Amino acid sequence: MKKLLLITALGLSFAFAGSVAPADNAQYQKECASCHFGYQPALLSKASWEKVMGNLSDHFGTDASLGKVESEQILSYLVSNAGSGKITANNSTMQITKSPYFIKEHRKIPAKFIEQKEVNSIANCLACHTTADKGNYSERAIVIPNYGRWE
Ligand code: HEC
Ligand code: HEC
């Protein structure tokens, strides 16, 4: 039991060493992880999530609207778990991929690896971060299709 508690404490203190809390809300997974994987709430700030949820009918060229109640419940889940710190700093847009930290981390990836069909968009996190669905973005778990491990 003691051991278990220690592991949990270590897990939490991880806060950001390439790792964020997993998206553990069933409603969010159902509604927001069908077209793309469920981006973890900590990847965007509160202001960003408010914008995303306020513009669902015009969502990146598609209509992702929800009923009022569902939309309010999901917004509440997102804002109460929203991120702060380097990953969201100076980004109040609707895109994780517009954060200065995100741009800096990804600037060395040759365009051909992003444009290829296996990836297609830099917003397709799971194509390269093999453990992105668990909130783990650490370098050790990066495998770029047709390139391999990133060292
Ligand atoms: C009908 C399909 C669809 C649904 C449902 C959907 N999305 Fe999206 N979403 C998209 C598309 C398409 C993009 C653009 C992806 C790209 O640029 O590769 C996108 C992009 C995003 C981005 C920006 C990613 C980035 O950093 O560039 C966020 C954040 C996002 N969606 C959140 C949500 C949330 C929250 C929900 C649920 C309320 C949701 N999406 C539901 C289609 C959808
Ligand atoms: C084309 C492959 C690719 C895609 C798609 C991609 N990444 Fe990355 N990501 C990388 C690589 C490669 C690095 C390591 C860069 C370096 O350190 O030089 C990285 C680094 C990171 C880091 C820093 C990790 C650390 O340990 O410091 C985070 C966080 C991250 N990515 C999140 C994301 C998120 C969130 C998405 C989707 C919105 C995404 N990435 C999409 C390849 C990708």
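Keep in mind that this is a model prediction, so the values were computed, not measured. Read the numbers this way: they start at 1 and go in the same order the structure lists the ligands and their atoms.
Not one N or O of Lys108 is nearer than 3.5 Å to an N or O of ligand 2, by distance alone.
For Tyr137, heavy-atom contacts with ligand 2 shorter than 4.0 Å involve the backbone as well as the side chain.
Grouping the Ile, Leu, Val, Met, Phe, Trp and Tyr side chains by contacts below 4.5 angstrom, directly or via other members, places Val79 with Met94. Both Leu44 and Leu126 belong to a common hydrophobic cluster when Ile, Leu, Val, Met, Phe, Trp and Tyr are linked at side-chain heavy-atom distances under 4.5 angstrom.
The aromatic rings of Trp150 and Tyr147 lie tilted to each other, with the angle between the two planes from 30° to 60°. Between His59 and His36, the ring-plane angle classifies as tilted under the 30° and 60° cut-offs.
Interface of Tyr101 with ligand 2, defined as ligand atoms under 4.0 Å from a residue heavy atom, comprises 23 (C), 27 (O).
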Measure and list all N/O to N/O distances between ligand 1 and the protein that fall under 3.5 angstrom.
from: ligand 1; atom 1: 7 (N); to: His36; atom 2: NE2; distance (Å): 2.8
from: ligand 1; atom 1: 7 (N); to: His59; atom 2: NE2; distance (Å): 2.9
from: ligand 1; atom 1: 9 (N); to: His36; atom 2: NE2; distance (Å): 2.9
from: ligand 1; atom 1: 9 (N); to: His59; atom 2: NE2; distance (Å): 2.8
from: ligand 1; atom 1: 18 (O); to: Ser121; atom 2: OG; distance (Å): 2.6
from: ligand 1; atom 1: 26 (O); to: Ile96; atom 2: N; distance (Å): 2.7
from: ligand 1; atom 1: 26 (O); to: Thr97; atom 2: N; distance (Å): 3.0
from: ligand 1; atom 1: 26 (O); to: Thr97; atom 2: OG1; distance (Å): 3.2
from: ligand 1; atom 1: 27 (O); to: Gln95; atom 2: NE2; distance (Å): 3.2
from: ligand 1; atom 1: 27 (O); to: Thr97; atom 2: OG1; distance (Å): 2.9
from: ligand 1; atom 1: 31 (N); to: His36; atom 2: NE2; distance (Å): 2.9
from: ligand 1; atom 1: 31 (N); to: His59; atom 2: NE2; distance (Å): 2.8
from: ligand 1; atom 1: 40 (N); to: His36; atom 2: NE2; distance (Å): 2.9
from: ligand 1; atom 1: 40 (N); to: His59; atom 2: NE2; distance (Å): 2.8

Determine whether Val52 and Phe60 satisfy the following criterion, side-chain contact (heavy atoms from CB on, under 4.5 Å), listing intermediate values before the conclusion. CA-CA 10 Å; Val52 171; Phe60 304 93; 5.5 Å; no
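Glu31 places a side-chain heavy atom less than 4.5 Å from the side chain of Ile74.
With 2.8 Å as the limit, Cys128 does not count as an N, O or S neighbour of atom 8 (Fe) of ligand 2.
Counting only residues at least two apart or in different chains, side-chain hydrogen bond (donor to acceptor under 3.5 Å, both in side chains) contacts with residues 117-132 comprise Glu118-Asn146.
One finds the OG atom of Ser76 at 10.0 Å from the CE atom of Met53 (value rounded to the nearest 0.5 Å).
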